[in-house]
Amino acid sequence: MNANDLLSALKVKKIFGEIPEQISAIHVDSRKVENGSMFICTRGYTVDGHDFAQDAINKGATVIVSEKELDISTENATIVIVKDTYKALAQLVTKFYDYPSNKLQVFGVTGTNGKTTVSNLIYAIMKKLNEKCALSGTIGFNLDGEFFQSDNTTCDTLTTQKMLQQAIDKGIDNFVLEVSSHGLSLGRLWGVNFDIVAFTNLSHDHLDYHQTMEHYGYAKGLLFSQLGQDLTDPKYVILNQDDDWYHRYCSMTSHEVISYGIESNADFKAENIQFYNDHTTFTLHSPEGSFEVHTKLLGQFNVYNVMTAIACIFARGINVEEIVSIIRDIPPVNGRMEKVEVQAPLSIYIDYAHTADAIEKAIQSVMPFKKNRIIFLVGTGGNRDKSKRPSMAAKASLADYVILTTDDPRYEEYDSILKDLEQGMKHSQYALIGDREKAVEHAIEISEPGDIIIFAGKGHEDYQIIENKKYPHSDREIAIEKSKIKFRS
Ligand SMILES: Nc1ncnc2c1ncn2[C@@H]1O[C@H](COP(=O)(O)OP(=O)(O)OP(=O)(O)O)[C@@H](O)[C@H]1O
Ligand SMILES: [Mg+2]
């Protein structure tokens, strides 16, 4: 792209050196820089991009965007000084890719729990409607069936804009983004022109980062407040009316709110919910009348998730009746209350619950068909939000027998994690086993016919992070193997 044209995206700037004709690419990681590219110096948690400006020039960068004057020669590169490189990145990269989100129907899903589930449901429904769709979130980047790994639930600004452009190149019209509170508060979504945004719920998580629930709630609210005021371009805000933040989020946007709920009189309201061990049914009252919904997803929390997805697709212009008929065939999302087929008289589920609220919801979802005990295994990550640990175990106590373990211990000792968790236990039927493999084996060892076992916290993940290394680990595989041996005869 023409470099002068690109730089016209910024009003206040100081330029040292001669501006080159063209810019071939934009980078924030000096290792990826190639000839003729622009390098933007952004500050990360541990590294400061300004320290890598010379490196970028050596690799062929011809424009450096920086917040300060740098002690480097302007012979081979132009230095552009701006106030805030993070903001400049959004301005420049969106212009570079010619504002890709304007050419797509972009869905954004935020909330403490349920983002991945709802995003995947939206994707699955769009596919069944024969629409091309892309999805980016915790499970990675799915470009209409082509999979790529990603590091975060919400990717950085550059990656996000690149993914949007890739979708356009592939002729895709719909893009679903899972939106984390980190992503919002760090401005990773600046320049994404959302069309339909949804909120699932808000409960305790990530307070090591956001400090208070107020800050956390407001970070999520940025998704709604940043939708803008242009009402000639209609946008829709899908909100959970049963959540305490509902009214505050309503007041943050001028766009139309479509609500859903079970307790409140919402636009989409579920009634007469029936729970089974492999599906759920309910009556859905909607702006287009009442329909019987049958879903393979389990538990009341998934009734909320299904309604969120239905409301999003309704906002996209599809009839509720058609959406409801499609929902019937959609399987649970990988690792979210997913039933594992085992050769044993047990009901085993893999789940991703790693907050107190999610744990409560996961256990409640199997209560209606409990015949014997509920065994609940849960771990928590090391070196992350420690304040949530006791409340996680307190909710886990709803199960008859609890196994407290770790998920990704990182650099923290097993004992330190287990001690924090143990504080919240409300009864004495539990075991503390730091090594997750042994913990999963223990669950199977002590099980009896008719028991329900939920392995929570790892969900779709097939690894454990110990120190800074990833080791293969699958609750599912251990459970299948162990239960085969135990119930062989
Ligand atoms: N609507 C909901 N309300 C409460 N708990 C839920 C809800 N949906 C899912 N959960 C629980 O939370 C777990 C994680 O679900 P999911 O992966 O969809 O959430 P997420 O918001 O994407 O989480 P993360 O922040 O880790 O990306 C599930 O396995 C389930 O136990
Ligand atoms: Mg997620």
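In this chain, numbering begins with 1 at the start of the sequence shown. Just follow the structure's listing: the first ligand is 1, and inside any ligand the first atom is 1.
- Of the N or O atoms in Thr200, none lie within a sub-3.5 Å distance of an N or O in ligand 1.
- Salt bridge status for Lys170 with Glu146: present, with a side-chain N to carboxylate O gap under 4.0 Å.
- Counting only N and O atoms by type, the side chains of Asn113 and Thr355 include a donor and acceptor under 3.5 Å apart.
- An N or O contact shorter than 3.5 Å is missing between Met337 and ligand 1 by distance.
- Proximity annotation for atom 20 (P) of ligand 1: of Glu360, His460, Lys115, Lys115 comes nearest, heavy atoms only.
- Of all protein N/O/S atoms, those under 2.8 Å from the Mg ion (ligand 2) are Thr116 OG1, Thr138 OG1, Glu178 OE2, and waters are not counted.
- Here atom 29 (O) of ligand 1 lies nearest to Asp351 when heavy atoms of Leu121, Asn302, Asp351, Val333 are compared.
- A salt bridge does not link Asp408 with Lys470: every distance from a Lys NZ or Arg NE/NH1/NH2 to an Asp or Glu carboxylate oxygen is 4.0 Å or more.
- Interface atoms of ligand 1 facing Asp357, defined by a heavy-atom separation under 4.0 Å, are 4 (C).
- By the neighbour-count criterion of 12 heavy atoms within 6.0 Å, atom NZ of Lys296 is densely surrounded, having more than that number from other residues, nucleotides or ligands.
- Ligand 1 is never approached by Thr355 to a heavy-atom distance shorter than 4.0 Å.
- Neither the backbone nor the side chain of Ile359 comes within contact range of ligand 1; no heavy atom lies under 4.0 Å.
- In terms of polar-atom proximity, defined here as any N/O pair under 3.5 Å, Thr138 does make such a contact with ligand 1.
- Between Asn201 and ligand 1 there is a heavy-atom distance shorter than 4.0 Å.
- Using a 4.0 Å cut-off to heavy atoms of Glu178, the atoms of ligand 1 that qualify are 22 (O), 27 (O).
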* Asked: Could you walk me through whether Tyr276 and His279 pass the ring pair (Phe, Tyr, Trp, His ring centres under 6.0 Å) check?
  -> CA-CA 5 Å; Tyr276 304 90; His279 71 280; 4.3 Å; yes

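- The one candidate from Lys371, Arg373, Lys486 that meets the salt bridge (Lys or Arg N to Asp or Glu O under 4.0 Å) condition with Asp451 is Arg373.
- The pair Lys127-Asp144 meets the salt-bridge criterion, since a charged nitrogen lies less than 4.0 angstrom from a carboxylate oxygen.
- Of all the atoms in ligand 1, the ones that sit under 4.0 Å from a non-hydrogen atom of Thr112 are 21 (O), 25 (O).
- By the 4.0 Å N-to-carboxylate-O rule, Arg410 lies too far from Glu467 to be salt-bridged with it.
- The closest approach between any non-hydrogen atom of His354 and ligand 1 is below 4.0 Å.
- When the side-chain contact (heavy atoms from CB on, under 4.5 Å) test is applied to Ile480, the partners found at least two apart in sequence or on another chain are Val340, Val342, Arg476.
- Every atom of ligand 1 with a heavy atom of Ala353 under 4.0 Å away is listed here by number and element: 13 (C), 29 (O), 31 (O).
- Remark: ligand 1 and Thr117 share an N or O pair separated by less than 3.5 Å (distance only, no angle test).
- Using modelled atom types, one finds a donor on one side chain and an acceptor on the other under 3.5 Å when comparing Thr116 with Glu178.
- Listed by first and then second residue, the ring pair (Phe, Tyr, Trp, His ring centres under 6.0 Å) pairs involving residues 387-429 are Tyr401-His442 (not counting sequence neighbours).
- Proximity to Asn305 (heavy-atom distance under 4.0 Å) selects the following atoms of ligand 1: 1 (N), 2 (C), 7 (C), 8 (N), 9 (C).
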* Asked: What's the verdict on ring pair (Phe, Tyr, Trp, His ring centres under 6.0 Å) for His460 and Tyr352, showing C-alpha distance, side-chain angles and the deciding distance?
  -> CA-CA 7 Å; His460 62 286; Tyr352 197 45; 5.1 Å; yes

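- With sequence neighbours left out, Phe148 forms a ring pair (Phe, Tyr, Trp, His ring centres under 6.0 Å) with Phe141.
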